[in-house]
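Everything quoted here is computed from the prediction, not taken from an experiment. Whatever order the structure lists ligands and atoms in, that order sets their numbers, starting from 1.
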Amino acid sequence: MYFAVISIFPEMFASIRDFGITGRASAQGQVTIDCINPRDYTADNYRRIDERPYGGGPGMVMMAEPLAQAIDDARGRATQHGCRIDAAHCPVIYMSPQGQTLSENSVLEMSDYDGMIILCGRYEGIDERLLMHYVDSEVSIGDYVLTGGELPAMVLMDSVIRRLPDTMGDDQSAIQDSFVDGLLDCPHYTKPHEYAGMSVPDVLLSGHHANIAKWRFGQQVARTQARRPDLWQAFTPNAQQAKWLKALAKSDSNSH
Ligand code: SAM
């Protein structure tokens with residue numbers, strides 16, 4: 001998958017390109033992360049990409065022209081990487097607190113793209129006309145405001161890269177995580193067997209895979225009900241989960 005990130009701080013992206021699972025995906029060529037600095041597309045000696053806002057007010061606004069050229073260049077590079085340049089295959093995404101909030105469902109949809117061109121804002125944001133002319137969608141990472149779009153862009157890329165086939169050591173681990181089947185994940189334990197006066201639940205030592213799966217599902221249900229009633233309300237069990245839910249309800253009523 002191809003990523004072009006347009007940012008005035010390209011060095012920040014070393015942390016996603018060089019470390020961990022995303023670093024390995026980049027080193028093995030499963031993903032390409034190209035950083036494009038809009039300052040390279042300015043006409044003046046100061047490499048200026050921001051100006052004061054029309055109408056007055058505090059702060060600066062990123063100018064349309066250097067960003068437009070950076071996007072055009074990114075599209076050229078994306079084409080060379082085999083991307084189809086349209087909103088469905090290689091969209092231009094603006095990281096913005098005003099965008100659609102990122103979710104595991106939207107991440108999964110985006111993992112089907114050929115690539116994406118990600119715009120990182122700074123200051124008060126970007127000239128609206130550039131957004132209207134070039135941007136296919138705006139993505140937010142939550143209802144709070146950061147100083148720039150670089151961290152949100154890395155959040156987006158990290159979450160998409162881990163859903164690509166073969167980027168995780170074990171593909172099962174991505175599909176067992178929170179939100180994937182509509183529930184939160186179950187608790188996890190490792191060595192030692194005893195820690196701080198607490199021991200690992202017996203069922204996890206039993207080697208009985210069906211009982212372990214059922215126990216884990218019960219934990220997922222209890223956590224989701226307690227922590228995220230909104231998710232629980234929207235949850236639709238599959239056939240196996242419906243059976244487990246029946247069994248859990250039965251053992252609950254027996255214990256009362
Ligand atoms: N004036 C803008 C507003 O209130 O909507 C906020 C600008 S913010 C200080 C600078 C840049 O940070 C934005 O252009 C955007 O790229 C990025 N940013 C800030 N918060 C974000 C969030 N929650 N999600 C995605 N991007 C964000």
Side-chain angles (χ1 to χ4, degrees), residues 1-17 19 22 31 33-42 46-75 77-78 87 90-111 113 115-163 178-179 228 230-231:
M1 189 168 193
Y2 177 76
F3 296 93
V5 202
I6 298 175
S7 158
I8 58 168
F9 295 120
E11 299 82 5
M12 287 179 73
F13 294 90
S15 60
I16 187 159
R17 206 169 33 197
F19 297 93
T22 55
V31 301
I33 302 172
D34 254 353
C35 296
I36 299 176
N37 189 339
R39 288 195 198 282
D40 294 340
Y41 302 86
T42 50
Y46 300 102
R47 308 205 326 140
R48 195 159 185 170
I49 47 85
D50 59 317
E51 262 299 349
R52 301 199 67 76
Y54 277 120
M60 304 297 277
V61 177
M62 292 180 88
M63 292 187 285
E65 282 173 349
L67 290 173
Q69 288 187 39
I71 294 170
D72 290 340
D73 187 6
R75 284 181 166 161
R77 297 190 200 191
C90 187
V92 177
I93 297 173
Y94 172 42
M95 302 313 300
S96 161
Q98 300 178 30
Q100 280 289 316
T101 309
L102 194 62
S103 68
E104 195 61 36
N105 282 341
S106 55
V107 164
L108 189 60
E109 275 172 29
M110 287 190 260
S111 69
Y113 291 157
M116 51 181 91
I117 295 166
I118 306 174
L119 263 183
C120 304
R122 281 270 153 182
Y123 319 115
E124 290 305 314
I126 294 177
D127 189 312
E128 188 67 18
R129 294 164 296 179
L130 181 285
L131 303 180
M132 292 180 72
H133 191 66
Y134 276 100
V135 167
D136 296 307
S137 62
E138 298 193 12
V139 173
S140 165
I141 61 161
D143 288 348
Y144 42 84
V145 177
L146 296 151
T147 56
E150 286 76 10
L151 292 173
M154 285 189 262
V155 168
L156 171 62
M157 286 192 283
D158 186 296
S159 60
V160 169
I161 290 170
R162 67 190 294 284
R163 296 310 301 269
S178 295
F179 310 116
R228 291 291 301 271
D230 57 318
L231 289 182

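Short contacts between ligand 1 and Gly121, defined as distances under 4.0 Å to a heavy atom of the residue, involve ligand atoms 11 (C), 12 (O), 14 (O), 16 (O). Atom numbering of ligand 1 starts at 1 in the shown order; those under 4.0 Å from a heavy atom of Gly142 are 23 (N). Taking every heavy atom of Gly149 and a limit of under 4.0 angstrom, the matching atoms of ligand 1 come to 12 (O), 16 (O), 17 (C). Interface of Ser140 with ligand 1, defined as ligand atoms under 4.0 Å from a residue heavy atom, comprises 23 (N), 24 (N), 25 (C). Interface of Pro152 with ligand 1, defined as ligand atoms under 4.0 Å from a residue heavy atom, comprises 25 (C), 26 (N), 27 (C). Within ligand 1, the atoms closer than 4.0 Å to a non-hydrogen atom of Gly125 are 14 (O), numbered from 1 in the order shown.
Using a 4.5 Å heavy-atom cutoff, the side chains of Ile93 and Met110 are in contact. Counting heavy atoms from C-beta on, the side chains of Val5 and Ile33 come closer than 4.5 Å. Here the side chains of Met1 and Ile161 are not in contact, with every heavy-atom distance at 4.5 Å or above. With contacts defined as side-chain heavy-atom distances shorter than 4.5 Å, the pair Val135/Ile126 does not qualify. Side-chain contact between Arg122 and Thr147 is present, with at least one heavy-atom pair separated by less than 4.5 Å. Looking at Ser103 and Phe179, their side chains never come closer than 4.5 Å, going by heavy atoms from C-beta outward. Two residues are said to be in side-chain contact when any heavy atoms from C-beta on lie closer than 4.5 Å; Asp50 and Val61 fail this criterion. Between Met157 and Thr22 there is no side-chain heavy-atom pair separated by less than 4.5 Å.
Regarding atom 18 (N) of ligand 1, its nearest protein heavy-atom neighbour is Pro97 CD, 3.7 Å. Among protein heavy atoms, atom 20 (N) of ligand 1 sits closest to Leu146 N, 3.0 Å. Taking atom 23 (N) of ligand 1 as the reference point, the nearest protein heavy-atom neighbour is Tyr144 O, 2.8 Å. Ranking protein heavy atoms by distance to atom 3 (C) of ligand 1, first place goes to Gln98 NE2, 3.7 Å. Of all protein heavy atoms, the one closest to atom 7 (C) of ligand 1 is Tyr123 O, 3.5 Å. From the protein, the heavy atom lying nearest to atom 25 (C) of ligand 1 is Ser96 N, 3.3 Å. Here the heavy atom of the protein found nearest to atom 14 (O) of ligand 1 is Tyr94 OH, 2.6 Å.
In terms of polar-atom proximity, Thr147 is not counted as a contact of ligand 1, lacking any N or O under 3.5 Å from an N or O of the ligand. At least one N or O atom of Ile141, backbone or side chain, sits closer than 3.5 Å to an N or O atom of ligand 1. In terms of polar-atom proximity, defined here as any N/O pair under 3.5 Å, Leu119 makes no such contact with ligand 1.
For Ile126, the closest heavy-atom approach to ligand 1 does not fall below 4.0 Å.
At a 4.0 Å heavy-atom cut-off, ligand 1 touches Val139 through the backbone alone.
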Do any side-chain atoms of residues 68-75 form donor-acceptor pairs under 3.5 angstrom with protein atoms, and if so which ones, sequence neighbours left out?
residue, atom, partner, partner atom, Å
Asp72, OD1, Tyr134, OH, 3.1
Asp72, OD2, Tyr134, OH, 3.3
Asp73, OD2, Tyr41, OH, 2.3
Asp73, OD2, Arg77, NH2, 3.4

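Glu138 CD to Ser96 OG: the interatomic distance, rounded to the nearest 0.5 Å, is 4.5 Å.
The closest donor-acceptor contact from the side chain of Asp127 to the backbone of Met63 lies at 3.5 Å or more, if one exists at all.
Looking at Met62, Met95, Glu124, it is Glu124 that brings a heavy atom closest to atom 1 (N) of ligand 1.
When the ring-ring contact (aromatic ring centres under 6.0 Å, His included) test is applied to Tyr2, the partners found at least two apart in sequence or on another chain are His81.
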